[in-house]
Each structure stands twice: as C-alpha cells, then as structure tokens.
2 protein chains.
Amino acid sequence: MPTIEDVAKAAGVSASTVSYVLSGKRSISGPTRKRVEQAIADLGYRPHAGARALASSRTNVIGLMVPLRAGVDVSVVMQFVTGVVTRARGADHDVLLLTQDDTGGLERVAAGSMVDAIIVMDVEADDPRVPVLRGLRQPTVLIGLPHDPAGLSCVDLDFEAAGRLAAGHLADAGHREVALVGPPPAVLARHTSYADRVIRGWSATCSARGVAGVVEACETTPDGARRAVDAVLERAPGTTGFFVHNEQALPHVLGRLAERGLASAAGAPVVALCPTAVATAQAVPLTSIDIPGEVIGGVAVDMVLAGLDGERPAETRLLAPVLVERGGATTP
Amino acid sequence: MPTIEDVAKAAGVSASTVSYVLSGKRSISGPTRKRVEQAIADLGYRPHAGARALASSRTNVIGLMVPLRAGVDVSVVMQFVTGVVTRARGADHDVLLLTQDDTGGLERVAAGSMVDAIIVMDVEADDPRVPVLRGLRQPTVLIGLPHDPAGLSCVDLDFEAAGRLAAGHLADAGHREVALVGPPPAVLARHTSYADRVIRGWSATCSARGVAGVVEACETTPDGARRAVDAVLERAPGTTGFFVHNEQALPHVLGRLAERGLASAAGAPVVALCPTAVATAQAVPLTSIDIPGEVIGGVAVDMVLAGLDGERPAETRLLAPVLVERGGATTP
DNA sequence: ATGAAAGCGCTAACAT
DNA sequence: ATGTTAGCGCTTTCAT
C-alpha cells in the first residue's frame with residue numbers, strides 16, 4: 001500500500017501538501033494540485049483510516065445501534081437504517097453496526113474512539129442507554145423520544161400527533177366508538193417510545209372528542225390479529241372505526257374485519273400508521289399515516305454530524321404526521 | 001481520555017508492559033498484572049482503535065456488504081446480518097455496514113484499511129464485485145455462490161440440493177406434475193445466486209424422476225401470488241404439488257391454492273423453502289426446508305477470520321438442506 | 001519478567 | 001503557496 005510519503009515523492013512535493021490537497025484546508029496552486037492528483041491516481045493511494053483517526057481525532061464513522069427486539073418489524077427498521085447509511089455516505093461517513101442492546105457496546109466504540117458520533121434506535125421510555133449516552137464525548141442522536149431526553153438530541157415522527165390525528169379523523173367521520181389495534185404486547189411491555197406516544201395522543205383526542213377509544217395490543221400472527229379484533233368487539237361491541245399501528249398484523253386485521261362484516265372489498269373503516277408502501281400493498285385501499293423511516297434516518301445523521309463541529313444545544317425534532325386518505329369506507 | 005502511558009504511570013510500569021498485559025503476548029508476573037489491571041479499571045482506560053490499527057495493522061472490524069435490492073425479503077436478510085454481527089462480537093470484532101451495491105465501497109474500506117476482512121451478501125451469478133474482491137488483500141467470504149468462485153471462499157445453504165430435495169419429496173409423494181413458485185422476477189432477472197441454484201436442482205431432479213416441473217416467478221404481493229398460482233394452473237392444469245421459494249408471497253400462495261381447491265385447512269401439497277419461523281407462522285402446517293440465515297452468517301465470520309492468520313486456500317462450504325415434514329396433505 | 005525506543009501513516013501547527 | 005516537524009497512541013522489536 002502506498003503511503004502519503006510515496007505520493008509526495010512521486011509528485012515532487014512534501015507530504016503535508018498531499019494532505020492539504022486531500023483535505024482542501026489550504027489553497028494549492030493549479031499545477032501542484034494536478035501533479036498530486038495524478039500521483040494519487042497513478043499509485044492508487046488511499047489514506048490509512050487508522051493513521052488519519054489518530055492524527056485528526058476523526059474516524060468518519062458513525063455508530064448505529066439497532067437493537068433487534070421481539071415484536072419489531074425488521075423491514076421498517078431497515079428503512080431507518082437505509083436512511084442513516086445513505087445520508088452518512090453522502091457526508092463521507094461510514095456506519096458501524098451495533099445490534100446488541102447493551103450499554104457496553106456504546107462505551108466500547110465511544111471510548112475506543114471508533115466512531116465520531118452515535119445514533120441509537122428503538123428507544124424506550126426509560127431507556128438504560130440514555131444515561132450512558134449523556135456521558136459520552138461524541139455527539140448522539142436518539143431516534144425516538146425517551147421519558148427524559150434532557151441533554152440529548154432526538155428525532156422521530158411525532159407519534160403522539162399521529163395518535164391525535166387518527167383519532168380526530170375517525171371522530172370527524174362520525175365514529176363514536178373506536179379502537180387502536182396496536183403493536184405486540186412485548187413492544188408495549190417495554191414501553192417502546194413510539195408505542196407509548198401513539199397511545200397517549202390517541203387517548204387524549206378520544207377523550208377530548210368524547211368518543212370511546214379502546215386500546216388493544218396485537219400479536220403479529222394471523223391468529224393474533226383475529227384475537228385482537230375479536231377482543232375489541234367483545235369489550236366494545238359498538239366499535240366501528242379502527243386505528244392500526246402494527247405493520248405485520250395489518251393484513252390480518254383487515255381480513256378479520258371483513259369476516260366480521262366491518263369491512264368490504266371496497267374499503268375499511270381503518271386508519272393505518274405504517275410506511276406508505278405497506279399501506280398501499282394491502283388488498284383494499286387504505287387511509288394511512290406514513291412512517292417516513294428513511295427521512296428520519298437521514299435527519300438523524302444531519303443532526304449528529306452538526307454536533308461534530310462546535311458544541312450545540314440538544315434539540316428534539318418531531319416530524320409532523322401526514323394523513324393520506326385512500327378512499328375506503330371510513331364512515332360508520 | 002487516558003492513554004496507555006497514563007495507565008503505565010499509574011501502575012508504575014512501562015507502556016509496553018501495559019500493552020502486553022492487554023494482548024497476553026508475553027508472560028507477566030502476577031503482581032504486575034494485578035497493578036496494571038487495577039490502573040486500567042481505575043482510569044477507565046480503552047485503547048484508541050485508530051492508534052492500535054496503525055501500529056498493528058489490525059482494525060478488529062469486519063466489513064459487511066448487504067445490498068438492499070428489490071425483491072429481497074429484508075427480514076431474511078437480517079437473519080444473516082444478525083448471525084454475522086453476533087459471531088463477530090464473539091470474536092471481538094465489530095461490523096462496518098455497507099449497503100450500497102458498489103464496488104467502490106469495497107475498495108474504499110479495504111484500501112483504506114478500515115476493515116480486516118470482508119463478507120459480501122446477495123451474490124449474483126456473474127457478480128461485478130467478484131473480480132474486485134479477488135484483488136483485495138483482506139480475506140473475503142461470499143454468502144452465496146457466483147458462477148466462477150475461483151480464488152474466493154463462499155458459504156451458503158446448498159440451494160441446488162434444496163431444489164433437488166423438494167422435487168424428490170414431491171415425486172416420492174406421488175405427484176406427477178409439480179411447480180416451483182419462485183422469487184420475484186427482479187431477483188430472477190439479475191440471476192441472484194440462490195435463485196438460480198434452486199431452479200437448477202429442481203429442474204434436474206424433476207427430469208430425472210420423470211415429473212413435469214414448471215417454474216414460475218412470483219411477485220410478493222397478494223395479487224402477484226394469485227397470478228403466479230393461476231399462471232401455473234393455466235400452463236399445467238394437472239399440477240398437484242408445489243414448491244414455494246418466496247417468503248413474502250408464501251401466505252398468499254397458500255391462500256390461492258385453497259381458493260382453487262388444491263389445499264385445505266388441514267394442509268397443502270406444498271414444500272416451502274424459507275426460514276423455519278416463516279414456515280411455522282403460516283395458517284396451515286407446512287413442510288419446509290429451512291434457510292438457516294444466522295448459522296450461515298456465523299460460519300461466514302468463522303471462515304473470514306480464519307483467513308486472517310496465514311494465507312489459506314479458498315473454500316466453498318454448502319450446508320446440506322434439511323426437509324422437515326409438518327403434516328399437511330402432501331400427497332396428490 | 002520488564003523497559004527503551006523505533007516506528008505505523010497521517011494532520012496541523014509553525015515556519016518561510 | 002509550500003516545506004518542516006512534532007506529535008497522535010499504540011505495538012513490537014531489541015535489550016537487559
């Protein structure tokens with residue numbers, strides 16, 4: 001492997017000049033730049049990442065913690081990951097993947113200077129990683145919103161607003177009894193940030209609008225979806241409108257609603273909270289609120305890289321939910 | 001951040017002694033080791049990854065290229081990724097994630113000494129990354145089997161044997177006309193390694209056993225599955241046995257088979273090629289051949305790390321497929 | 001069993 | 001506009 005010294009020699013300049021040509025941190029004359037670039041190309045030179053990190057305290061790597069827990073839809077998770085990787089590459093950064101949900105991993109990559117910045121996904125209300133993140137010297141961004149985000153930057157869809165939006169939409173359509181068919185029990189049990197927030201917004205607006213709004217967890221299996229729908233109709237037989245926040249169960253919930261005579265091939269009295277691609281892939285036209293995973297992942301990178309030069313105050317960014325009507329009978 | 005020098009000072013030894021305590025590359029007296037370990041703990045010392053990489057030419061990072069292409073089931077992909085990350089951490093390595101399907105990314109991380117080794121997923125028969133990989137100085141393992149693997153190590157399920165196994169199983173059960181409902185057209189069009197191999201094995205055994213075996217691509221949507229089943233029955237109306245190699249379409253294929261009277265709630269004349277978890281999540285009991293993604297990912301790590309010390313000959317490892325019968329009517 | 005010292009390849013003052 | 005030089009923090013000979 002050629003070193004910067006080899007390039008310098010070949011171009012008839014000093015190593016620092018090569019370094020500056022690469023970084024653009026000082027002006028270089030046209031001819032010199034040409035010769036250096038030529039030498040780099042001729043030798044196929046690539047700076048040694050470790051040497052660079054040692055000298056500059058910059059790795060150009062972002063750590064991404066993606067816990068793969070029970071009940072999460074990996075295809076949705078991967079949308080966030082894709083957004084992170086794509087945006088990171090656009091900013092000349094690579095991504096180190098952490099999947100184990102341990103605080104040790106965070107400390108290892110941070111204290112070991114393996115990464116310049118850290119993005120954490122699948123945040124819980126009372127996440128044990130939060131205090132650890134506060135102690136790191138690298139900038140950090142959470143995708144999600146813990147109970148106490150003090151001192152930490154966060155970005156996410158405004159899931160609470162999404163809950164309100166869905167409840168409001170169903171109420172507007174004239175429903176007096178509605179139900180949230182939510183994530184799997186495991187997701188609820190650990191108080192996953194987004195799940196809690198959806199329920200909060202949903203319940204608040206249901207109360208405010210004077211509609212009865214039950215909440216039912218839902219396993220991702222066909223059978224789980226059937227049980228959830230049946231449980232709702234057992235508890236609140238007058239339920240006419242549904243809000244589904246569960247990508248994997250969604251088709252089966254729709255199927256069961258059809259079986260119970262609450263939906264038809266023409267449409268269902270349902271608002272879904274899921275990636276648009278999931279909504280449009282259903283057998284019936286479906287009104288939905290998008291979860292823009294790629295966008296959020298990209299914003300997370302922007303935020304965390306902004307924190308790289310110059311301390312900046314923690315900031316929470318919640319993207320406004322957008323409801324798109326897609327025909328379907330949403331009136332009772 | 002404390003350095004190795006700080007630790008040495010605190011323990012009253014030289015930096016090299018600290019280094020040797022950490023690496024275990026030479027014997028250290030009991031008391032010295034104790035003092036050093038104490039100092040490390042007291043100071044919360046972590047070696048600087050870049051400095052270490054510079055001095056030792058080892059990064060303890062594995063590059064993992066996971067192209068997220070159209071038609072692949074991300075949840076299956078993530079099983080492989082999980083296997084890689086888990087096994088890598090077990091061997092004290094981290095994973096750098098590359099999702100863009102460019103050869104440039106490989107060269108960047110390899111030539112820049114960001115990684116010790118590289119694992120590549122979603123290999124095509126005539127993959128443009130293959131020649132690039134041959135030129136890298138890092139050991140490489142492909143998950144999948146390109147047309148010409150000369151000089152490269154590969155690991156995968158033996159998909160060709162899986163194709164043979166499925167065809168043989170259906171033939172044994174008495175089917176005379178059978179059909180492979182395969183991956184989406186996009187996957188087939190780019191000659192994804194596993195897809196081609198399944199078809200090869202399937203067709204070979206169908207011929208050998210004298211059964212008619214058609215092959216039909218299948219979109220992942222409910223409608224796509226319906227069309228695929230209908231197309232099969234149009235081309236070969238006497239078809240009684242099916243081999244489904246498409247996780248996402250699987251439930252819809254089963255549904256359509258039931259609609260067409262070829263399957264019942266008790267079972268279907270189907271062999272599925274998919275992760276066992278996918279097979280058992282279906283509404284009917286389903287005979288299947290497992291795709292052990294986590295295992296394969298783990299083996300890939302073992303192989304690639306084995307290549308780290310001492311050149312070793314390229315090796316191709318194909319895991320034997322295992323068919324598990326789960327009731328269901330597989331007889332015609 | 002331990003220490004001293006020479007790099008590893010790069011960046012960023014500090015020169016001129 | 002360019003060159004010189006002193007590290008960055010670690011590993012690993014070479015000594016003893």
Side-chain angles (χ1 to χ4, degrees), chain A residues 1-37 39-40 43-61 92 108-114 116 137 308-309, chain B residues 1-37 39-40 43-61 92 108-114 116 137 308-309:
Chain A
M1 292 279 101
T3 71
I4 199 170
E5 203 65 56
D6 298 328
V7 175
K9 224 160 278 174
V13 299
S14 73
S16 65
T17 296
V18 177
S19 176
Y20 285 117
V21 166
L22 250 20
S23 70
K25 286 189 181 169
R26 79 181 182 192
S27 53
I28 304 284
S29 74
T32 300
R33 149 167 293 116
K34 280 267 166 298
R35 293 208 319 282
V36 170
E37 284 166 347
I40 289 175
L43 299 179
Y45 166 74
R46 299 270 189 171
H48 185 288
R52 197 169 240 191
L54 181 55
S56 68
S57 305
R58 281 290 175 90
T59 62
N60 276 36
V61 173
D92 194 32
R108 180 167 45 79
V109 301
S113 297
M114 299 186 73
D116 293 340
R137 52 178 169 47
L308 232 48
D309 17 50
Chain B
M1 292 279 98
T3 70
I4 199 171
E5 203 65 55
D6 297 328
V7 174
K9 224 160 280 174
V13 299
S14 74
S16 64
T17 296
V18 177
S19 176
Y20 284 118
V21 167
L22 252 19
S23 69
K25 287 188 179 169
R26 81 180 181 191
S27 53
I28 303 284
S29 73
T32 301
R33 149 168 293 115
K34 279 269 166 297
R35 293 210 315 284
V36 170
E37 283 167 349
I40 289 175
L43 299 178
Y45 166 75
R46 299 271 188 172
H48 185 289
R52 196 167 241 194
L54 181 55
S56 69
S57 305
R58 280 290 176 92
T59 62
N60 276 37
V61 173
D92 193 32
R108 181 167 45 78
V109 302
S113 297
M114 299 186 72
D116 292 341
R137 53 178 168 48
L308 232 47
D309 18 49

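All figures in this text were calculated on a predicted structure; none of them were measured in a lab.
With hydrogens and angles left out, the side-chain atoms of A/S19 and A/S16 include no donor and acceptor closer than 3.5 Å.
Rounded to the nearest 0.5 Å, atoms CG (B/N60) and CG (B/L308) are 8.5 Å apart. Distance CG/A/L43 to OG1/A/T3: 9.0 Å, rounded to 0.5 Å. Taking CZ of A/R35 as the start and CD1 of A/I28 as the end, the distance is 10.5 Å to the nearest 0.5 Å.
At a threshold of 4.5 Å between non-hydrogen side-chain atoms, the residues A/M114 and B/T59 do not count as touching. Taking 4.5 Å as the limit, every side-chain heavy atom of A/I4 sits out of range of all side-chain heavy atoms of A/H48. Residues A/V36 and A/V13 meet the side-chain proximity criterion, which asks for heavy atoms closer than 4.5 Å. Side-chain contact between B/R137 and A/M1: present, with at least one pair of heavy atoms (C-beta onward) separated by less than 4.5 Å.
Within the 4.0 angstrom heavy-atom criterion, no nucleotide atom of any strand lies near A/S23. Backbone-only contact: B/R46 has heavy atoms under 4.0 Å from sugar-phosphate atoms and none from a base.
For the pair B/G50 and B/K25, nearest-nucleotide mapping onto DNA chain D gives the more 5' position to B/G50. Position along DNA chain C of the nearest nucleotide to B/S27 versus B/L54 favours B/S27 as the more 5'-ward residue. Place B/S29 and B/A55 on DNA chain C by their nearest nucleotides, and B/S29 ends up nearer the 5' end.
Close approach of DNA chain D to chain A, defined as any atom under 4.0 Å from a non-hydrogen atom of the protein, starts and stops at D/dA1 to D/dG9. Mapping heavy-atom proximity under 4.0 Å, the span of DNA chain C touched by chain B runs 5' to 3' from C/dA1 to C/dG9.
Applying the salt bridge (Lys or Arg N to Asp or Glu O under 4.0 Å) test to B/R33 and every residue at least two apart in sequence or in another chain returns B/E37. With sequence neighbours excluded, no residue forms a salt bridge (Lys or Arg N to Asp or Glu O under 4.0 Å) with B/E5.
DNA chain D is contacted by A/G12, A/V13, A/S14, A/S16, A/T17 of residues 6-22 of chain A, taking any non-hydrogen atom closer than 4.0 Å.
Considering every non-hydrogen atom in both B/A8 and B/S14, the closest pair reads CB-C, 3.6 Å.
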I'd like to know whether B/T32 forms a side-chain contact (heavy atoms from CB on, under 4.5 Å) with B/Y20, so could you lay out the CA-CA distance, the side-chain angles of the two residues, the decisive distance to 0.1 Å, and finally the verdict. CA-CA 11 Å; B/T32 301; B/Y20 284 118; over 6 Å; no
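Side-chain atoms of A/D116 do not come within 3.5 Å of backbone N or O of A/R58 as any donor-acceptor pair.
Taking the C1' atoms of five terminal pairs at each end of the helix from C/dA1-D/dT16 to C/dT16-D/dA1, the two resulting helix axes are inclined by 30°, rounded to 10°.
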